[in-house]
Amino acid sequence: MYDIAVIGAGINGCSAAYEFLQEGKRVIVFDREGIASGGSGAAGAFISPKFSKAGELKEIIEEAFLYSMEYYEKNFSNFFTKAQLLHIAKDEAEEESLRVFKANTSLKLKEVKAEVLDNLTQSAREKEHVSLDAGVVNAKTICQKMIAGAKFVTQDVKDIVYEDGYWLIEQQYAARELIIATGAYESIIKEPYIGLRGVWGHRIDVKAKLQNPYSIHQFVSISPSSEGVIAIGATHNVHYHPQKSQEPYDLSKGREELLEKARRTVNLDEVEIIADYTGLRSGSHDYMPLLGPLVLSQETMACCEKKIRVKRPDYKEFLYYPNLYMINGSGGYGFVLAPYLAKMLKEHILSGKEISPRLSPARFFARWAKKS
Ligand SMILES: Cc1cc2nc3c(=O)[nH]c(=O)nc-3n(C[C@H](O)[C@H](O)[C@H](O)COP(=O)(O)OP(=O)(O)OC[C@H]3O[C@@H](n4cnc5c(N)ncnc54)[C@H](O)[C@@H]3O)c2cc1C
């Protein structure tokens, strides 16, 4: 018997499990392939803010950035590299955004060392840029360390049933609370309002002569070099899906794209590709993450349709799955957001602290219900 069961051992599931383990709870984690075998295993895992002008997403990513920088440093310093980040605008529109960002941000901005500017191509050097202290985490190892105190089961979970106050998973494991952290892969809970999109990504590790002490982001992200190796990621491919596409993914095309984009930013001559990583990011329709209990759509429609079809429905009026929560939809910022979201989820489950409606999956139910 467990206090908490988590399905999905990516950074979201592992961060959630870690929060409860720290509280002394009995935690079981399931993944169909292994720890960080989905999007999380592919990630360059750069920890950075969002360099846009304004908006809810920028705000939450910035809150999460400040939180996760301290969190990784405090809890996982051996698997976290602090590195200055240089973000260079791709085009004129982004140059304008960066100017607004720089004029308004409360984050501490830094000068860029001449040796780093020397590594840039002429065109990258001419673009507007911004630089600050940021970091990179060792994606797979951090996920493994986070759930070291949990029971881990390799299992493709298909069967979950709520009985007598417990979730029974695959007829074998019982847990009081169930957290669904399955990323962009096919969902166990079939609810029509959860419209998560998968965006396929490819990252490579290369051996290169380039001595780069910073994380450099422009068309792709380039990691600081470590023992002659740099990571370059990632592609954004909305057409390929590992569970839906007929054709296999074309690795060589992805490699070419990554190198071509990296070479627009840095002078990168001879390189040897030593590893490929691929996976799906999971994004919601409004790009904000999904955190909290899931609405029972049919039951809520049947009982309370009038209350739903008002301009601003009260999410408390909806009916929810008992003791079941989702943490998902982190897009390209999973490693930035997960520790922050997991803390909120723990406070919600253990102390009843409300989760902001801007993150609640109920917002999608409300929109879906009005249309249907
Ligand atoms: C190439 C690439 C580069 C990226 N770079 C960055 C970056 O630099 N910084 C950053 O912050 N983010 C980055 N991201 C985004 C980040 O990786 C994601 O936001 C994050 O991995 C999402 O984590 P997750 O736990 O929600 O999903 P996932 O990591 O996809 O985890 C979901 C897990 O659930 C398992 N699962 C699914 N269904 C079941 C089931 N029925 N039973 C059991 N297990 C199941 C899957 O096997 C998978 O392991 C990148 C993503 C990609 C693809």
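Counting convention: from 1, in listed order, for ligands and their atoms alike. These numbers were taken from a predicted model, which means no experiment stands behind them. Computation of the quantities below employed the complete heavy-atom set of this structure, encompassing side-chain atoms and omitting hydrogens, waters and symmetry-equivalent molecules.
- By the 4.0 Å N-to-carboxylate-O rule, D3 lies too far from K25 to be salt-bridged with it.
- Interface atoms of ligand 1 facing S330, defined by a heavy-atom separation under 4.0 Å, are 19 (O).
- The atoms of ligand 1 that sit less than 4.0 Å from any heavy atom of D156 are 40 (C), 41 (N), 42 (N).
- Ligand 1 has no N or O atom lying under 3.5 Å from any N or O atom of R203, backbone or side chain.
- When heavy-atom distances to ligand 1 are checked against a 4.0 Å cut-off, T235 has no atom that comes that close, whether in backbone or side chain.
- Residue I7 has no N or O atom closer than 3.5 Å to an N or O atom of ligand 1.
- Taking the charged nitrogens against the carboxylate oxygens, D205 and R203 do have a contact shorter than 4.0 Å, which makes a salt bridge.
- Near G8, meaning under 4.0 Å from any of its heavy atoms, are these atoms of ligand 1: 33 (C), 34 (O), 35 (C).
- Ligand 1 places these atoms under 4.0 Å from at least one heavy atom of G183: 26 (O), 27 (O), 32 (C).
- Residue-to-ligand polar distances place F46 within reach of ligand 1: an N/O pair is separated by less than 3.5 Å.
- The shell of residues lying under 4.0 angstrom from ligand 1, judged by heavy atoms, includes A45.
- Heavy-atom neighbours of E186 CD from other residues, nucleotides or ligands within 6.0 Å: at or below the threshold of 12.
- In summary, K127 and D91 do not engage in a salt bridge, as defined by a charged side-chain N under 4.0 Å from a carboxylate O.
- Looking at atom 36 (N) of ligand 1, its nearest protein heavy atom turns out to be T182 CG2, 4.0 Å.
- Annotation: Q298, atom CD; neighbour count of heavy atoms from other residues, nucleotides and ligands within 6.0 Å does not exceed 12.
- When only interatomic distances are considered, the shortest N/O to N/O separation between G331 and ligand 1 falls below 3.5 Å.
- Under the 4.5 Å side-chain contact rule for hydrophobic residues, F65 and V136 do not share a cluster.
- For the atom pair NZ of K140 and OG of S37, the computed distance is 6.5 Å after rounding to the nearest 0.5 Å.
- Of the charged side-chain nitrogens involved, at least one lies within less than 4.0 Å of a carboxylate oxygen, so that D133 and K110 count as a salt-bridged pair.
- By the 3.5 Å distance cut-off applied to N or O atoms, D31 is counted among the residues near ligand 1.
- The shortest N or O to N or O distance between G332 and ligand 1 is under 3.5 Å.
- A salt bridge links K102 with E128; the closest basic N to acidic carboxylate O contact falls under 4.0 Å.
- The shortest contact between atom 30 (O) of ligand 1 and any protein heavy atom is with G39 N, 2.9 Å.
- For ligand 1, the polar-atom distance check against A184 finds no nitrogen or oxygen pair separated by under 3.5 Å.
- In terms of polar-atom proximity, R32 is counted as a contact of ligand 1, with an N or O under 3.5 Å from an N or O of the ligand.
- When only non-hydrogen protein atoms are considered, atom 50 (C) of ligand 1 lies nearest to A43 CB, 3.6 Å.
- Here D314 does not pair with K307 in a salt bridge; the nearest charged N to carboxylate O distance is not below 4.0 Å.
- Residue, atom and distance of the protein heavy atom nearest to atom 5 (N) of ligand 1 are G44 N, 3.5 Å.
- Taking atom 21 (O) of ligand 1 as the reference point, the nearest protein heavy-atom neighbour is S40 OG, 2.8 Å.
- Geometrically, ligand 1 and E186 share no nitrogen or oxygen pair separated by less than 3.5 Å.
- Ligand-side atoms of ligand 1 in range of I188: 41 (N), range being under 4.0 angstrom from any heavy atom.
- At a heavy-atom distance under 4.0 Å, no atom of A36 approaches ligand 1.
- Ion pair E23/K346 flagged as a salt bridge, since at least one NZ, NE, NH1 or NH2 atom sits closer than 4.0 Å to an Asp/Glu carboxylate oxygen.
- A salt bridge does not link E70 with K74: every distance from a Lys NZ or Arg NE/NH1/NH2 to an Asp or Glu carboxylate oxygen is 4.0 Å or more.
- The number of heavy atoms from other shown groups lying within 6.0 Å of CD (Q243) is above 12.
- Counted within 6.0 Å of OH on Y287, heavy atoms from surrounding residues, nucleotides or ligands total 12 or fewer; the atom is thus considered open.
- Set against the non-hydrogen atoms of G38, the atoms of ligand 1 under 4.0 Å away are 29 (O), 30 (O), 48 (C), 49 (O).
- Against a heavy-atom cut-off of under 4.0 Å, G279 is close to the following atoms of ligand 1: 53 (C).
- Distances from ligand 1 to the non-hydrogen atoms of S37 include at least one value under 4.0 Å.
- Nearest non-hydrogen protein atom to atom 1 (C) of ligand 1 is A234 CB, 3.4 Å.
- Atom 11 (O) of ligand 1 has as its closest protein heavy atom F335 N, 2.9 Å.
- The closest protein non-hydrogen atom to atom 51 (C) of ligand 1 is R281 CG, 3.5 Å.
- Of all atoms in ligand 1, listed by their number and element, those nearer than 4.0 Å to a heavy atom of Q155 are 42 (N), 43 (C).
- Proximity annotation for atom 24 (P) of ligand 1: of N12, D276, I169, V6, N12 comes nearest, heavy atoms only.
- The residues E260 and R263 are annotated as not salt-bridged, no charged nitrogen and carboxylate oxygen being separated by less than 4.0 angstrom.
- In summary, E270 and K209 engage in a salt bridge, as defined by a charged side-chain N under 4.0 Å from a carboxylate O.
- Hydrophobic clustering (side-chain heavy atoms under 4.5 Å, transitive across Ile, Leu, Val, Met, Phe, Trp, Tyr) groups I147 together with V27.
- Taking only nitrogen or oxygen atoms, main chain and side chain alike, A42 does not reach within less than 3.5 Å of ligand 1.
- Salt bridge annotation for K261-E257: present, with a cationic side-chain nitrogen under 4.0 angstrom from a carboxylate oxygen.
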